[in-house]
Amino acid sequence: MSQGSSQPSRPHRVAVIVDEGTNPFEVGCATELFGLPRPELGLPGPLYEVTLCAPNPGIRMNHGFFTLTDVPGLDAADDADTLVVPGRPDNVVPRVPAVLDAIRRTHARGARVVSLCTGSFALAEAGLLDGRRAATHWLWTESFRRLHPRVLLEPDVLFVDDGDVLTAAGSAAALDLGLHIWRKDHGAEIANAVSRRLVFATHRDGGQRQFVERPVPDVPDESLAPLLAWVQEHLSEPLTVAGLAARAAVSPATLHRRFRAQLGTTPLAWLTAERVTLARRLIERGEERLDAVAARSGLGTAANLRARLRRETGLSPSAYRRRFGTGPGEPVRA
């Protein structure tokens with residue numbers, strides 16, 4: 001359902017279900033991601049439009065912080081291209097049947113369904129997740145598995161993209177998944193512009209494991225931030241894990257431990273992901289020479305670039321360029 005970087009004939013319609021006790025943070029994430037004007041993109045109109053919908057016109061938010069009034073009914077989701085279901089803290093309490101019916105109805109007609117944080121409980125209760133991969137907040141992993149044993153829960157990831165159903169782990173992971181949707185719909189270049197507006201990384205490596213409560217070490221590891229920033233400026237160079245370890249003045253084994261602890265991934269996996277992201281941006285900006293893209297991104301050869309891009313996006317470089325390329329003369333979203 002990717003729309004490319006050109007202006008669509010109409011904005012992609014996003015409906016956000018606000019149920020009794022919904023967490024306001026995830027509602028705010030959805031409206032911030034998809035509901036605000038994006039003048040930084042240099043486009044003549046919005047790419048998304050957002051509406052809230054609820055089982056009742058007046059909805060009391062989590063802990064009674066405030067009440068939303070005059071909220072449209074759940075039938076407002078009937079025209080949505082994407083339905084977003086935020087979480088709420090009382091996950092073992094069944095959702096009202098009208099909310100579950102709206103989720104099922106929306107999915108049955110082919111719309112994309114997205115849950116944020118513990119919104120995955122609602123998707124599972126509606127029957128959308130049986131036999132499918134999904135994510136939820138690490139704190140509720142055991143209760144989720146107990147209530148929904150047929151779901152293939154992945155406890156260590158920030159989000160799961162299972163095609164027409166996408167699930168985010170914790171509250172802040174709503175931003176990770178939202179930016180992934182921007183990248184999926186409109187390419188890495190536009191997603192990067194949106195992430196800068198949010199002051200949030202376009203792609204956070206690692207998973208929830210890095211946030212699970214655990215004892216604080218007596219001597220905490222130093223931050224990887226300086227090394228990561230340096231690598232991002234030198235992706236075209238022949239970098240190795242041993243070389244990165246030497247630059248950080250640690251052994252390769254220590255570097256692996258720090259990457260696992262701070263990012264939840266390996267140095268090589270992180271480096272490859274950064275190179276693929278740079279290659280995507282170069283292709284979107286109009287670079288047609290695959291050898292040049294491969295060299296500048298550090299992927300080495302055009303053959304390796306093709307393989308990595310297809311693995312990441314399912315597209316060949318030429319198909320990716322047709323879908324997401326800006327082309328000469330169009331705004332460069334640096």
Mind checking the CZ-CZ spacing from Arg183 to Phe324? Nearest 0.5 Å is all I need.
10.5 Å
Do Asp161 and His180 have a side chain donor and acceptor closer than 3.5 Å?
yes
Looking only at side chains, do Thr277 and Arg280 share a donor and an acceptor under 3.5 Å apart?
no
Within 6.0 Å of CZ in Arg296, more than 12 heavy atoms from elsewhere:
no
Would one find more than 12 heavy atoms of other residues, nucleotides or ligands at under 6.0 Å from atom CD of Glu237?
yes
Taking all atoms of both residues into account, what is the closest heavy-atom pair of [X] and [Y], and its distance?
X      : Y      : value
Ala173 : Leu158 : CB-O, 3.3 Å
Thr167 : Ala134 : OG1-CA, 3.4 Å
Ala77  : Leu83  : CB-CD1, 4.0 Å
Arg197 : Pro37  : NH1-O, 3.3 Å
Pro317 : Leu290 : CB-CD2, 3.6 Å
Leu227 : Ala248 : CD2-CB, 4.3 Å

Decide, yes or no, whether a salt bridge links Glu142 with Arg145 under the criterion of side-chain N to carboxylate O below 4.0 Å.
yes
Which one of Ser120, Ser143, Ser115 satisfies the side chain to side chain donor-acceptor pair (under 3.5 Å) criterion with Thr136?
Ser120
Using a 3.5 Å distance criterion without hydrogens, assess whether the side chain of [X] forms a donor-acceptor pair with backbone atoms of [Y].
X      : Y      : value
Arg275 : Leu235 : yes
Thr118 : Arg88  : yes
Arg132 : Asp162 : yes
Glu287 : Leu282 : no
Glu125 : Arg95  : yes
Asp130 : Arg150 : no
Glu284 : Glu189 : yes
Thr272 : Ala269 : no
Arg104 : Ala126 : yes

Heavy-atom side-chain contact between [X] and [Y] under 4.5 Å:
X      : Y      : value
Arg105 : Arg109 : no
Val250 : Arg258 : yes
Trp230 : Leu244 : yes
Arg13  : Thr51  : no
Arg310 : Ser316 : yes
Leu228 : Phe259 : yes
Leu179 : Asn192 : no
Ile181 : Phe34  : yes

Should Trp140 and Phe25 be counted in the same cluster of Ile, Leu, Val, Met, Phe, Trp and Tyr side chains packed under 4.5 Å apart?
no
Can Val241 be reached from Val231 by stepping across I, L, V, M, F, W or Y side chains whose heavy atoms are under 4.5 Å apart?
yes
Dump the intermediate steps for side-chain contact (heavy atoms from CB on, under 4.5 Å) on Val14 and Leu33, then the final yes or no.
CA-CA 11 Å; Val14 178; Leu33 281 161; over 6 Å; no
Quick one: which of Leu74, Val16, Val18 gives a side-chain contact (heavy atoms from CB on, under 4.5 Å) with Cys53?
Leu74
From Val27, Val84, Thr22, residue fulfilling side-chain contact (heavy atoms from CB on, under 4.5 Å) relative to Leu52:
Val27
Candidate pair Tyr48 and Thr82, rule side-chain contact (heavy atoms from CB on, under 4.5 Å), full reasoning
CA-CA 10 Å; Tyr48 299 95; Thr82 293; over 6 Å; no
Walk me through whether Glu40 and Arg196 qualify under salt bridge (Lys or Arg N to Asp or Glu O under 4.0 Å).
CA-CA 10 Å; Glu40 67 272 19; Arg196 285 199 305 274; over 6 Å; no
Output side-chain donor-acceptor pairs under 3.5 Å for residues 57-73, partner residues at least two apart or in another chain, one line each.
unit_1: Asn62; atom_1: ND2; unit_2: Asn23; atom_2: OD1; d: 2.8

Classify the ring geometry between His186 and Trp182 as parallel (under 30°), tilted (30 to 60°) or perpendicular (over 60°).
tilted
Verify side-chain contact (heavy atoms from CB on, under 4.5 Å) between His148 and Leu153, making sure each step is shown before the conclusion.
CA-CA 9 Å; His148 307 292; Leu153 189 66; over 6 Å; no
Derivation and outcome, side-chain contact (heavy atoms from CB on, under 4.5 Å), residues His107 and Val165:
CA-CA 8 Å; His107 181 253; Val165 177; 3.7 Å; yes
